[in-house]
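A, B, ... follow the sequence lines: proteins, then strands. Residue 1 opens every chain.
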There are 2 protein chains.
Amino acid sequence: MGKGKQTKQQILATALNVATATSLNDLTIGGLATITGLSKSGLFGHFNSKENLQLEVLEYAQSIFTDAVIQPTVNMNSAMEKLLTTVECWLNWYRSQGSSCIFVSTSVEFDDQPGAIQDLVKKRLQQWLEYLTQLAQTAANEGQMKGDARQFVFELYSLYLGSQQMVWVGFEDEQHTRFKCALSALIQRYQ
Amino acid sequence: MGKGKQTKQQILATALNVATATSLNDLTIGGLATITGLSKSGLFGHFNSKENLQLEVLEYAQSIFTDAVIQPTVNMNSAMEKLLTTVECWLNWYRSQGSSCIFVSTSVEFDDQPGAIQDLVKKRLQQWLEYLTQLAQTAANEGQMKGDARQFVFELYSLYLGSQQMVWVGFEDEQHTRFKCALSALIQRYQ
DNA sequence: TATAAAAACGAACGTTCGTACTTTTTTGAG
DNA sequence: CTCAAAAAAGTACGAACGTTCGTTTTTATA
């Protein structure tokens, strides 16, 4: 890997941390340059626009997310086992990012801001929901679940969102007890 | 009501629309002045700082929210009836605001931005969750529900969050069918 | 080691924003 | 109608931001 790509990866790693801790719009080229020890224009040269930087941050986040949440289950043969492990990794991912998920915050941040970033965020969320649906549907086909797979995913994702918000206001604890409680009730209801 | 207060109310109404359609931070003094037909400094004089403007927008939103969601149930004597009507009004509020809730977006926007605004947003959300819990608890005391009232509210609020996000990506329809489906399953599970 | 390309730098520009002043206009009570 | 107070306007400033451009330094290959 050449020097350029190497620096870029390092910038993206830092940028993801900053964007997760604040927001994708609060990500500033000058600020990011200071943190990474580069000059403003030196950093800028890697992306040629702020929007490109933001898009690349999202793609970088996606690659980490895939490694942390999707990859671990790739060799499992039971869909139900896949599903349960995925949810566990999903929570771990969220915690590893400092108790906030960039995909959730960007969804809210860009839901009224048309453009390339919104398009990407929306597409990724749709893909993720479809992936979960597929998992649930396969589990159903294998006789481990019954009912509407999409409705199941709707409720599962809702709980994921709710858990994050409510940890923030102290209505949910850091171990996501209420989430897990609701999850087992949800699973029970669908089997 | 003097001229000053009258203008201020009009500014706040417009500001709430803008903040709901974009975000509380994207609310701009110059932009808001243009929309309301005032000069930048003329509008500024009503608030003396952007943060004050934002705080007053939140309080204005709260007053509307109270009228639309809490007031309608004030004369009901069955807690369960109150609860169901509240949820219905809650959905209507969300729709009346152009399918986005300023309390939800500000919660995400300011969850990592300490200050007076974050404090207010957090307090209001806590109050709302407590209010819902109180409703559920009273319904339980009246024999119309059983189980953990807080857990019930956790799941209810999660569904509210989820419904909004998933309307956005087309995983939920505008009539909130999945929300209502999940809601009745939730209620059934708790009675 | 020579050398062209890649990477990084430094300074500047145009714009947007919040805010501070002063001045003008409008309001409403006596 | 008067006139002080309130409301609104006009102008200006400083800071932060994304971006451009010319230059310098570093990298990596032949």
Between B:Trp128 and A:Val108, is there a shared hydrophobic cluster once you connect ILVMFWY residues whose side-chain heavy atoms come closer than 4.5 Å? no
Checklist entry - If you group Ile, Leu, Val, Met, Phe, Trp and Tyr by side-chain heavy-atom gaps below 4.5 Å, do B:Met166 and B:Leu159 land in one group? => result yes
Winner on side-chain proximity to A:His46, out of C:dG18, C:dA8, C:dT19, is C:dA8
Which of D:dG18, C:dG18, D:dA8 is nearest the side chain of A:Ile29? It is D:dG18
Quiz item: Hey, does B:Leu27 reach any base, or is it just sugar-phosphate, or nothing, if we go heavy atoms under 4.0 Å?
Solution: sugar-phosphate
Return the value, rounded to whole Å, for the distance between atom [atom1] of [X] and atom [atom2] of [N].
X        : N      : atom1 : atom2 : value
A:Leu55  : D:dG18 : CG    : C1'   : 16 Å
B:Asn48  : D:dA6  : CG    : P     : 13 Å
B:Asp26  : C:dG18 : CG    : P     : 10 Å
B:Asn25  : C:dT16 : CG    : C1'   : 15 Å
B:Phe47  : C:dA20 : CZ    : P     : 16 Å
A:Lys50  : C:dT15 : NZ    : C1'   : 14 Å
B:Ile117 : C:dG18 : CD1   : P     : 12 Å

Are B:Tyr157 and B:Trp90 near enough that their ring centres are under 6.0 Å apart?
-> yes
task: State whether the side chain of B:Gln118 and the backbone N or O of B:Phe110 hold a donor-acceptor pair below 3.5 Å, judged by distance alone.
output: yes
Rounding to 0.5 Å, atoms NZ (B:Lys122) and CD1 (B:Ile117) come to a distance of 14.0 Å
Note: contacts of residues 33-44 of chain A with DNA chain D (heavy atom, under 4.0 Å) are A:Lys40, A:Ser41, A:Phe44
* **Parallel, tilted or perpendicular: rings of A:Phe103 and A:Trp93 (30°, 60°)** => parallel
